[in-house]
Structures are given as structure tokens and as C-alpha cells.
> 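Got a structure for you, written out below as C-alpha cells; questions coming shortly.
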Amino acid sequence: MTNNWETIIGLEVHAQLSTESKIFCGCSTRFGDEPNSNTCPVCLGLPGALPVLNWRAVELGARAALALGLHIQERSIFARKNYFYPDLPKGYQISQYDRPFSANGILEIMTAERDEAGHARDWRPLTVRITRLHLEEDAGKNVHEGLPDVDRFSYVDLNRAGTPLAEIVTEPDFRSSWEAYDYVNHVRRALQWVGASEADMEKGNLRCEANVSVRQRGETAFGTKVELKNLNSVRFMQRAIEFEVERHIKTLESGGRLTQETRLWDERAGETRVMRSKEEAHDYRYFPEPDLPPLVVTNEFIDKVSKSLPELPDARRKRFSEQYGLSFADASQLTAERTLADYYESAVEASGGNARATANWIRSELLRELENAGLTAEKSPIPAVELGALVRMIGEGKISGKQGKDVLVEMFATGKSAGAIVEERGLVQVSDTGEIDRIIDEIIAANPNQLGQYRSGKEALFGFFVGQIMKASKGKANPKIVNERLKEKLIPPQ
Ligand code: ADP
Ligand code: ZN
Ligand code: MG
């Protein structure tokens, strides 16, 4: 009975904080430099080298915590997490353990299940308990070349070693893969929004591990959990969880047993594979880092960071709904990124306050063009004020909506203003009723047969007249006015 199973998920997110230099030394965090060029005795783990905390990492960690509504502890302690790995030259990672930067937080997100086509419906709030957010250093990178067992070479690049990370761990509070999906997107957007992290999973500066188990509904004890890694996008994570849940249920229903282990998602094969079992798990022998003092943050510091934060995404989404009359889905889409939200508000202003129409033009036309070109709103070839100007022209009836679509495509391709394109193409729509009446009268006079048929009941001929009038006006007559005037004139005088 598959529907008697309940899914339990807990998430661990590592976000690279966007500092220019590493967390305990002055080396650059730049990506893509010559391997091992951004290193020094501290991040190489040479004997006697001492770490010095980069305060910018604390500031960005604080921005991340506050963007998620978390409380920052006045005093936290760095600790050594001991394990051996070639990309960890010290033999330990400086992290935080029993006194993390932030603990026991509560986060409210919005979530929805998705239908077959991937459309979200019935958005609802979900409360997630955040176990902790702590600061730590990243390890380096092992690079392997050649096939396993044949000509295999392994290299170590320590440029990444010592890059600051915020690790965010949740309680096992998610009950479906889509809840997990919405959570990671929420975190990603929040961190990007406040500039704490680029939070791009494809670039690896946001990494996510999903812990998954199932249990019979009504059961209070948790089942055996599996940790999923190698999740390179939020969608991959969602698929990996789905696969894993199904595997757990199948195994248990056929009388099998699950092992606590770490598994890797293989997107191409669409399945997870064992990486290591928990029997090989490390005992990290955490102890307080003797080379660093406790991290103490004052209320003044937190106040200062708080005040420097922009309006946060959820607050802005709520304001968009209230101030601009947008639906939840529309407001969500327009606050998916801060640059898009900024773009929208500038465009609304330039449109003369036409908030709904601006939202529609961005959502249906501009975002499609941006997506095709692989661009974000920030890089849009159509500046926000120009999009607003286009919406205004359409609102004022200067050009039709249909013409507007063509103009937008040309604006996007050429970077020209709406006004310039409309002028060049001679598009200006005729809304002058006197002018339109004159054309209508001409067309009616020139088609007495059709007029007779229409008046004796052949109403389909209305379209014929509209077509003739639009043709005579070279497509410039305002169709709404043509319809109104034509209706009046075709009715026989009583
Ligand atoms: P570990 O020591 O294996 O890392 P933790 O207890 O620290 O395990 O939990 C790590 C993550 O796994 C947390 O996000 C937690 O919420 C989640 N988790 C713990 N137990 C379960 C379970 N039975 N099912 C799903 N997730 C779980
Ligand atoms: Zn260094
Ligand atoms: Mg873990």
C-alpha cells in the first residue's frame, strides 16, 4: 500500500559567501585562476601558520542569517573538524560545532505540489526549523584524469581551500520533494538577494545534500536515512529525492532492509548510486580551535547589518500584491530575483503607473526573450524605462497590442527605443474617430452588395468590413474604435 508511506527529508545547504579573500587568510577567492596560485602558508596548512578571521565573511554570514530571519548568537566558537583528505592539507577543517553562529531558527516558506506538467497549484505556507547556520572554510579540490586503474592521475588544487562557507542545516521537516525544492529555492533567492552569496548551484557556490527516509504513516520513529550528494541543480535534487523515496518503498515492501549510506545522483542515468556506507563514517573529534578567539558579535553590529539590508523578497512580494494588485503567482515571479523586481518597479513608473499591464508585458513577452537569450533582467537589452514607455504607448492607444509585440521583439534585438521603432515603421495607430468614420463611410459606400446582405441578416460580413477598413488604413486604425463605429453605422436607420 504505497500511499501509507510518509517521506521525511532534512536538508544541508553549503553556500559560498561572496568575499574577495578567504576566511582565514588574505588569498583571493577568484575562480578559474592557475591551480594553487591563490595559496599561502595558512591555506596550505603549513606548520606554524596562524589563521586570522576575515570580518567580511562574518558580515556576509550575518546578511545570510538575517535574510532568513535567523537569530545570530552573540558568541560562537570555531572548532576543528578532524579528518584526512588530500584536499585538506591541515588534516582538519575549521568549522563551528556546539556553538554555531545561529541556532534553533524558524523559517516560513511558501510551497506547492506540482502537477504532471510541473505547474504549481495551491500555494501554502510551510514552517521549517533551522537547526543551525554556521561559518566554516571550504576544502580544496581533487581533480582526476584518465580512467580508473588505467593511466589515472589525481591532482590537488588548493585555490578553493579556505573559501568561506555558510552551512545551513534543517530539521527533518520536509514531507515531499517539492517542499525541499521550494525550500532550497527560497534560501537561494534570499542569499542572492542580500548579496551574501551568488548561490548558483551549477557553478557549485551553492551545494546541497538531501537526507531522505520513509516511514509508515502514524509511526513516530524515523526510518533509515540516506544522504544524497552530487545534486547540481534544485530540479536534480527534487528528482533524486523522488527516485530515492521510490527505492526505499520498493525495498521495504519487498521485505528488504535499507542501509544508512551516502549516495550520488546520476542525472543521465536518472538514478542514485552508493558512494560510501555509514560504517566508514568518520569520528571527527571536534575540539575548539585554539588559534582563534571566540567570535563575538555586538548588537550594534547586527543593527548595522540589518539596516543595510534591502527590502527582503517575501516582504516585497507581499507589497507587490497589495500595491500593484498582482496575484500571488505574478508577484512571486516578479520577485524571483531582486534585479527583476527592480526592473518591474522602474518600468511601472515609466508606464505611468500601469502596474498590471507592465506585469503582463514582462511576464509574457520580455521574460521569454530574456530566457531565449540566456539573460537576466539586469542585462536586458530593453531598459526598464523603455519597456514602461512601450506599455504606456499601448495603454494610450498609440499602437495596438499586436504591434506592441513586434516592437518589443525589435527593441530587444536592436536596443532601439519604442518611440524610434514606432516612428521608423510608421506604426502610429489612428484613434481619431473623425478619420476612422471617414474610412468606414468610404468602405460602406464602395460595397453596397455586402451592406445589403449584412442588413438582411448575414452578420458574418461584419468581419469583411473590418478587414476592408483595416486594409484601407494600412493596419493603423485602432481596431477597438473601428468595431464600435462600424457596428453603429451598419445598423439600418430606423
Ligand atoms: P549526520 O550525523 O548523519 O550528518 P544529522 O543528525 O546531523 O546526521 O542530520 C543531518 C541531516 O539529516 C539534518 O538535516 C537532519 O534533519 C536530517 N535527518 C536526520 N535524520 C533523518 C531521517 N531519519 N530522515 C531524513 N532526514 C534526516
Ligand atoms: Zn591563503
Ligand atoms: Mg550530514
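Both backbone and side-chain heavy atoms feed into the values below; hydrogens, waters and symmetry mates do not. In listed order, ligands and their atoms are each counted from 1.
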> Where does the angle between the aromatic ring planes of Phe174 and Tyr183 fall among parallel (under 30°), tilted (30 to 60°) and perpendicular (over 60°)?
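Tilted.
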> Closer than 3.5 angstrom, by distance alone: can the side chain of Asp157 be matched with the main-chain N or O of Pro35 as a donor-acceptor pair?
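Not confirmed, Asp157 side chain does not pair with Pro35 backbone.
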> If you have a sec, read the angle at the Zn ion (ligand 2) from Cys27 atom SG over to Cys25 atom SG, to 10 degrees.
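That angle is 110°.
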> Is it the case that the ring center of Tyr324 lies less than 6.0 angstrom away from the ring center of Tyr344?
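Close enough - the centres of the two rings lie under 6.0 Å apart.
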> Nearest non-hydrogen atom to atom 17 (C) of ligand 1 belongs to which of Asn211, Leu11, Ile8?
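Result: the heavy atom closest to atom 17 (C) of ligand 1 is in Asn211.
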> As an exercise, identify every atom of ligand 1 less than 4.0 angstrom from a heavy atom of Thr170.
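Contacts of ligand 1 toward Thr170, numbered from 1: 13 (C), 14 (O), 15 (C), 16 (O).
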> Test your reading of the model: is there a side-chain donor-acceptor pair from Asn36 to the backbone of Val156, 3.5 Å cut-off?
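Between the backbone of Val156 and the side chain of Asn36 there is a qualifying donor-acceptor contact (under 3.5 Å).
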> Using a 4.0 Å cut-off to any heavy atom of Glu171, which atoms of ligand 1 qualify?
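Selected atoms, number and element: 16 (O).
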> Please list, in number order, the atoms of ligand 1 under 4.0 Å from a heavy atom of Ser213.
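In order of numbering, the contacting atoms are 22 (C), 23 (N), 24 (N), 25 (C).
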> Check each of Arg215, Gln260, Glu261 against Thr224 using the side chain to side chain contact (heavy atoms under 4.5 Å, CB included) test, and report the only one that passes.
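By the side chain to side chain contact (heavy atoms under 4.5 Å, CB included) criterion, Thr224 pairs with just one of Arg215, Gln260, Glu261: Gln260.
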> So if I count the atoms of ligand 1 from 1 in the order they appear, which ones are less than 4.0 Å from some heavy atom of Gly223?
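By the 4.0 Å cutoff, the relevant atoms are 23 (N).
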> Could you tell me, atom by atom, which parts of ligand 1 come under 4.0 Å of a heavy atom of Val169?
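Reading through ligand 1 atom by atom, the close ones are 13 (C), 14 (O).
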> Can you give the angle Cys43 SG - the Zn ion (ligand 2) - Cys40 SG, rounded to 10°?
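The SG/SG angle about the Zn ion (ligand 2) sits at 120°.
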> Taking 4.0 angstrom as the limit and counting only heavy atoms of Gly10, give me the atoms of ligand 1 inside it, by number and element.
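Heavy-atom distances to Gly10 below 4.0 Å select 14 (O), 16 (O), 17 (C), 26 (N).
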> Under 3.5 Å between any N/O of Pro172 and any N/O of ligand 1: does that happen in this structure?
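It does: an N or O of Pro172 is found under 3.5 Å from an N or O of ligand 1.
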> Between Lys304 and Phe301, is NZ or CZ placed under 6.0 angstrom from the six-membered ring centre and within 45° of the ring axis?
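Output no; distance or angle outside limits.
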> Is Lys225 in polar range of ligand 1, meaning some N or O pair under 3.5 Å apart?
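Min N/O separation from ligand 1 is below 3.5 Å for Lys225.
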> Is the backbone N or O of Ile94 less than 3.5 Å from a side-chain atom of Glu137, with the two atoms forming a donor-acceptor pair by type?
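Judged by distance alone, yes, a pair lies under 3.5 Å.
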> Counting neighbours of OH on Tyr97 that are heavy atoms of other residues, nucleotides or ligands and sit closer than 6.0 Å, is the number greater than 12?
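No, the 6.0 Å shell around OH holds no more than 12 heavy atoms from other groups.
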